[in-house]
Structure formats: C-alpha cells, structure tokens
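Order of the sequence lines fixes the chain letters, A, B, ..., with proteins taken first and strands second; residue numbering starts at 1 for each chain.
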Amino acid sequence: MKDTDDNSPGAREPSGFIRQMVVRDLASGKHGGRVHTRFPPEPNGFLHIGHAKSICLNFTLAEENGGHCNLRFDDTNPLKESQEFVNAIKDNIRWLGFRWHGEVRYSSSYFDQLYEFARQLISKGKAYVCALSPEQAREYRGTLTGPGTESPWRDRDPNESLDLFERMRAGEFKDGELSLRAKIDMASPNINLRDPILYRIRHASHHQTGSQWCIYPTYDYTHCISDAIESITHSLCTLEFEDHRPLYDWILHNLDIDSLRAASDLRDSDAPFVLPEQTEFAKLRISYTMMGKRFLRALVEQGKVDGWDDPRMPTLAGMRRRGYTPASIRNFCEAVGVARGESLVDIGMLEHAIREDLDRNTPRVMCVLRPLTVILTNFDDNRVERLRLARHPKREELGSREVPLTREIYIEQEDFSDDPPAGFKRLVAGGEVRLRGAYVIRCDEVQRDAAGRPAKLRCSVDFATLGKRPVGRKVKGVIHWVSAAAGKKVTVRLYDRLFLSENPTPKSVEEVFDEINPDSLAQLDGCILEPGTLNEGAGDRFQFERVGYFYRDREAAGPVVFNRTISLRDSWGAGSAR
RNA sequence: UGGGGUGUCGCCAAGUGGUAAGGCACAAGGUUUUGAUCCUUGCAUUCGUUGGUUCGAGUCCAGCCACCCCAGCCA
C-alpha cells in the first residue's frame, strides 16, 4: 500500500515470505514471468473476515506483479453447496473492490476433464477402483503411528478398474459402494498418501451440473488439476493443507504433462507450461471473534443472531451492514501481514482500521442517544437560529451544514451530572458548558421527576459566546445537542463484541452459546438526530459527534435505523462504557 | 512411540551472518468549540531454551522445551 515512494533511493524490497517468493520466481523466470493466483472458496457458507485475508493476499499479489487472479468455486461436494452462497460470495468480493480475471470459474466445469485424467491414472496403474466400505477404508488406513493395510482391490487389473469406473459414472452403484483411489503408499507416515480417495459416488444433484453426475471428485484430486488447467502459478492456501502438498504434487507429476498443458488455458499460447506450486500461510484469527463456519451457522440457525448479515457477525455481509468499509478491511489485512505462525490478532487492530478510515471520510452530525430536555430560558420561543457547522473539522472541502437552534433542545443524559466525578467537564447545576457549534449555556435550575431524577434543565444562554471564548472564565466542556422541534426521531443500535472470552475455542455448538455476550446489542428507540441527516444524498455513514460512527441500516422498512459501526476512542473513564 | 509445522516487545510483524523496522496497544506532554482527530516523546542490551561454529549469530549446527495440524468417500 505504501510502496508509492518510487522516487526514494533504492526501491523497497517487498516484505513477507510470499511476496519475496514471488519476486524470486519472477527473477528466475520460473513461470515465464507470470503471476497467476486464485481465490477458491467452496460455496457452502458466507465469507468472513478470514476469507478477506486470503482474498486480499491473492488479488493484491497478482495486482502488484502485473498478474491475474481468478475466482474459482471449489464445488466438488454438492451436499453442502448452493447457488445462494455462490451469489453472496461474488457480491462480497466485488464489494471489497476486487475484480477477478475473466469469467468466474467452477471446479465443476472441469468434471469431464477430471474424469479423463482419472482414466489416465487408472491406465497407468496409478489408481484403482476399490470396494472397501468407508468404514473398512478407515480401518485399513492405519493410525498416526502405525502403517495402513493395502486394499485387496489394490492390484485390480487396470482394465477392470476402467470398466468399473465407467459403470460408477453410469450410476450402477450405490453411494459408498465403490471409490476410486490413488495407488501410492499405505505405509507412508503422511496419511494423505495412504491411497487417498479420488472419486466417490454421490447420487445428488449439483447446483451447477444438475443431475449430470453421480460421482464427484475429491478436493485433493480436483484442486491441483484445476490450478493447472487455469495455469495458476502460485496456489496459496492455509496451513492445514501443508500435509496435502505431497499429494498435490504427486497427482500433477503422475499425469502426462502434455495432456495437462493441452487441457490448460495456455494450450494455444507460446508461454512455457509450468506446474503450479502450493504455498501455505496462517489463517486469520482475531480476539473476541470466532470464525468456524459450523459455529457461525449454528448462531444463525438457532436465532442467536439476526442472520448471516447480523452486524455482530464476522462475516463480510455482517461487517458491511455494521458499516465497515472495504478500505478498512483491506488496510486491516495489510497491517496484519501474512506469515506462517499461528497468531491471534488483537481486535483493536480492526477497530483502529475502521476508525482511521471513518475519521477521515465521514461527515459529522449530532445525535442525542438518551435525551434530556433543556429549556433555553432567554431564547425567544419561536426563534430559529440557523447555525453553520463544518461537516468535517479538518477537511473544508467537505463543506458545511445548517443546524437549527431553538428554545427547547435535547442533550445527552450522561452529559449532566448531579454528582460529578472528579474531572467531569460537562454540565452540572450552576455550571457552564459549550453547546457544540453554538453558545455557552449555564444551568440555572434542575426540574425533577417523581423519582428525583433530572427531567428538565432550565439554562440561560450567553449570547456573547458564539464563535468566541467566554470572558473572564474558562468553559472546558463541549456537548452535543439537537433542537427538539427540528430533530428527527430515529432508532440506534449499539453493538458490542459478540463473544465474552478473548479466545473463544468452543468444542461444541452448546459451548458457543455459552460464550455469547448477553449485552452485544442494545437498541435505543428515542434518539434525536440532527435534521438534514436523512436528506436524499446526505449519505449513509456519519460520525455522531462525541458518540461514534454510525451507518444507516437500509435492510428493514419502517423507522430509520442507524447501526453503530464503532465508538470513538474514549480516554475518559475507561471502565464506564456507554 | 509416526509425520508435517511454528516459536522476535502486551498483540501482529519485518529481519536470509555484521551489531533488533513498522503498526496496534499502552504511558507522558502539546494543540483542540468532538474527553475525537492531530503532533511530540517514551516503550525488546534482546530474538523459546541450552550448548556449539564464527572476529561476529535472531539469522548456521546440535540437543531440549512449548504450541499447532494430520487417521472425512469435507474443503
């Protein structure tokens, strides 16, 4: 992001092991000077901030090196996938601001080719049709410390396997009855090499291919070939696939390289065809957050949250609805970096990224969340004073807005105190405070409700203080306010972290529910917003001065709702959260 | 008792044999009609640990310790 200093002496070396690897590969001409990456989600759920890390990595790596990045749906398991997720994922990636190269890809569109390659492996005696049941296969696989046992079908004649494989495809067998396996090494210390399953029978309809197939290739078999077909150079994935790399390479190296080339996007080009290589990096984990799909799904399905796009969810849809900007998420991913060590990123880094963006780009407006009535006793009853306030304290080019001041206004309940703590610089009985962008007022009288709580303040305005310091005294406090007559009533939703513990690592769905913060959502219905904020063209993102950053929720009809994206930093009264 | 990985400031993270970048957080000052922003300053004699090689080691070697991943016809 900041390597824009092209006139600085000595171009900056890219940092991070993946960027360095690419630079090295480019220098050595390994892939004919190409960088081609891909983001390969399975459409079985919504994307979350962890996926954003991978998206940013793949797309920016290509971008920085004049390469391309494909979007490929890794859709080899029809049981878990759906078109709904395909659409949502495409939408999320576009929202983040990335554009994939060419058409969207699907592993499923390579099914014919994959089938042919499987036949090739069988013919070469590198794969066989096995009749072990899933349970038997597990027993035969052996353990972490002990070798496996070879399948009795392992040395089946290739022609017989070919015939059986064709009949599997034709639908002659039931789910689980037969499978296609690679013939590698049942004694390998790497369990992924103990004759892994390449194809399984699944009489299920697929969101892309319908009922065309009843056998489906596995991830391990599909991924490497799909990468080769798309002439991917750098295949980036997370650490848990490290043990799969030898299998990734085995499959590619046991296929005829010319047949791979002929199936690839490079088939009609002069570019050298080089096999893709897999590189792993650590997944993103964030404190007070949980990314497991299974657990997120449970939250949605059990109604613990409002849906996949609930603003408390770490999904991109949720973060978007919460008010996160694409830039903030991209900056965050850049700040976190990409390494091979498992780490737990402080959620404060995410909060910093969104505040940084919003502080710079968001117009200011006033909104009173919990109103307390104030009567300006020396302000004429039907007078409306139209004040001009800057939309942004540092960016004049953002212009100004008109804010009406009237005799009756609202201020924040917590900006008045009967019993002020040390250092309190807001309003107290007999004390003075500045109304933001307007006058200094003095609280002359406190009217109370039946319970003795302040219900209405009667204050007098010092008319000599508009844009000027009061003479003869210092008034430190500045509070926000809204005209009672002109203000708009809106609903505000305040969000807090969804999980209580810093590192939620549930084992079961029940444990997830135990981790939920009961106060993660507070809805306030009687908030009073500065008029003009709801006008056409005013935008959806604002800083409510002294309160936080808010995003207008357009999902629901009915009353106007603002979601709090993030509070302002608050160095006053660290413990006393609003 | 198998295999594959990782250990640098409270949290991320650069660093690839020449004497510990940066960001977040935190602390202290300054500016301020947002207790915000902004600015300044401070914040690892030390890189899991013990030895070794070297003029010199976070970087090389060996041992030890800790943590993560792998036994789906999931991805």
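Comparing B:A25 with B:C38, their P atoms sit 10 Å apart, to the nearest whole Å. Separating the C1' atom of B:U41 from that of B:U34 is a span of 25 Å, rounded to the nearest Å. A gap of 23 Å separates the P atoms of B:A13 and B:G18, to the nearest Å. If you take atom C1' in B:U54 and the same atom in B:U59, they sit 13 Å apart, rounded to whole Å. With P as the reference atom, B:U40 and B:G23 are 11 Å apart, rounded to whole Å. Taking the P atom of each, B:A36 and B:G10 are spaced 26 Å apart, rounded to whole Å. As rounded to the nearest Å, B:C73 and B:C61 have P atoms that lie 37 Å from one another. When the P atom is compared between B:U6 and B:A62, the two are found 15 Å apart, to the nearest whole Å.
The residue among A:Glu81 and A:Gly337 whose nearest nucleotide of RNA chain B lies closer to the 5′ end is A:Gly337. Each of A:Lys468 and A:Lys53 was matched to the nucleotide of RNA chain B holding its nearest heavy atom; the match closer to the 5' end belongs to A:Lys53.
Screening A:Arg541, A:Arg395, A:Gln543 for a side chain to side chain donor-acceptor pair (under 3.5 Å) with A:Asn361, the sole residue that qualifies is A:Arg395. The only option from A:Arg434, A:Arg473, A:Arg442 that meets the salt bridge (Lys or Arg N to Asp or Glu O under 4.0 Å) definition with A:Asp462 turns out to be A:Arg473.
Nearest to the side-chain atoms of A:Ser179 among the listed nucleotides B:U37, B:C73, B:U34 stands B:C73. Side-chain proximity of A:Asp243 to the nucleotides B:C70, B:G35, B:A75 is greatest for B:C70. Listed nucleotides B:U33, B:C38, B:C69 differ in distance to A:Arg469; the shortest reach to its side chain belongs to B:U33. Taking the side chain of A:Trp572 as heavy atoms from C-beta on, and the options B:C11, B:A75, B:G35, the nearest nucleotide is B:G35. Ranking B:G15, B:C73, B:C38 by closeness to the A:Ala137 side chain, first place goes to B:C73. Between B:U34, B:C73, B:A75, one nucleotide has an atom nearer to the side chain of A:Tyr219 than all others, and that is B:A75. With B:G35, B:C73, B:U37 as the candidates, the nucleotide lying closest to the side chain of A:Arg426 is B:G35. Closest approach to the A:Arg436 side chain among B:C73, B:C70, B:U33 is made by B:U33 (side chain taken as heavy atoms from C-beta onward). For A:Thr145, the side-chain atoms get nearest to B:G2 when compared with the rest of B:G2, B:G4, B:U34.
A:Gly477 comes within 4.0 angstrom of no nucleic acid atom, judged by non-hydrogen atoms across all strands. A:Phe424 comes within 4.0 angstrom of a nucleotide base, judged by non-hydrogen atoms across all strands. Among the atoms of the strands shown, none is found under 4.0 Å from any heavy atom of A:Ile566. Backbone-only engagement by A:Ser15 is indicated by non-hydrogen atom pairs under 4.0 Å involving sugar-phosphate atoms exclusively. Residue contacts shown for A:Arg434 include a base, since a base heavy atom lies under 4.0 Å away. Contacts of A:Gly423 with the nucleic acid, taken as non-hydrogen atoms under 4.0 Å apart, include base atoms. Within 4.0 Å (heavy atoms only), A:Leu132 reaches at least one base atom of the nucleic acid. Counting non-hydrogen atoms under 4.0 angstrom, A:Gly437 reaches a base of the nucleic acid. When heavy atoms are screened at a 4.0 angstrom cut-off, A:Gly341 is found touching the sugar-phosphate backbone but no base atom. Using a 4.0 Å heavy-atom cutoff across all strands shown, A:His244 reaches at least one base atom of the nucleic acid. When heavy atoms are screened at a 4.0 angstrom cut-off, A:Leu144 is found touching base atoms of the nucleic acid. If you check every strand for non-hydrogen atoms under 4.0 Å, A:Ala438 touches a base. Residue contacts for A:Tyr199: at a heavy-atom cut-off of 4.0 Å it reaches no nucleic acid atom on any strand shown. No contact: A:Ser287 has no heavy atom under 4.0 Å from any strand.
Contact check on A:Glu240 versus A:Lys283 returns a salt bridge, with a Lys/Arg side-chain nitrogen under 4.0 Å from an Asp/Glu carboxylate oxygen. Salt bridge status for A:Glu530 with A:Arg401: present, with a side-chain N to carboxylate O gap under 4.0 Å. A:Arg546 and A:Asp415 are joined by a salt bridge, as a carboxylate oxygen and a charged side-chain nitrogen come within less than 4.0 angstrom of each other. Ion pair A:Glu230/A:Arg72 flagged as a salt bridge, since at least one NZ, NE, NH1 or NH2 atom sits closer than 4.0 Å to an Asp/Glu carboxylate oxygen. Salt-bridge check for A:Lys80 with A:Glu42: failed, with every basic side-chain N at 4.0 Å or more from each acidic carboxylate O.
Look at A:Arg141 and you'll find a side-chain N or O under 4.0 angstrom from OP1 or OP2 of B:C73. Phosphate contact (OP1/OP2 of B:A13, side-chain N/O of A:Arg19, threshold under 4.0 Å): absent. Checking the phosphate oxygens (OP1, OP2) of B:G35, a side-chain nitrogen or oxygen of A:Arg546 falls inside 4.0 Å. In this structure, A:Ser343 reaches the B:A13 phosphate: one of its side-chain N or O atoms is under 4.0 Å from OP1 or OP2. Residue A:Ser571 places at least one side-chain N or O closer than 4.0 Å to OP1 or OP2 of B:A36. Contact annotation: A:Arg138 side-chain N/O to B:C73 OP1/OP2 distance is not under 4.0 Å. OP1 or OP2 of B:U8 has not a single side-chain nitrogen or oxygen of A:Arg340 nearer than 4.0 Å. OP1 and OP2 of B:U34 both lie 4.0 Å or more from every side-chain N or O belonging to A:His480. For A:Gln20, no side-chain nitrogen or oxygen approaches OP1 or OP2 of B:A14 to under 4.0 Å.
Atom CE in A:Met349 sits roughly 16 Å away from atom P in B:G10 (whole-Å rounding). Rounded to whole Å, atom C1' of B:U33 lies 14 Å from atom CG of A:Asp462. Between the C1' atom of B:C38 and the CD atom of A:Gln543 lies a distance of 14 Å, rounded to the nearest Å.
Applying the 3.5 Å distance criterion, the base of B:G4 shares no donor-acceptor pair with the side chain of A:Arg245.
The partner of B:A27, taking Watson-Crick or G-U wobble pairs whose two distances both stay under 3.5 Å, is B:U41.
Of the residues in residues 180-197 of chain A, A:Pro189, A:Ile191, A:Ile197 come within less than 4.0 Å of RNA chain B through at least one heavy atom, sorted by number.
At least one cation-pi condition fails for A:Arg364 and A:Phe542: the charged atom is not both under 6.0 angstrom from the six-membered ring centre and inside a 45 degree cone around its axis.
Shown here is A:Glu166, whose CD atom has no more than 12 heavy atoms of other residues, nucleotides or ligands within 6.0 Å.
Glycosidic conformation of B:G72: syn, with the torsion inside 90° of 0.
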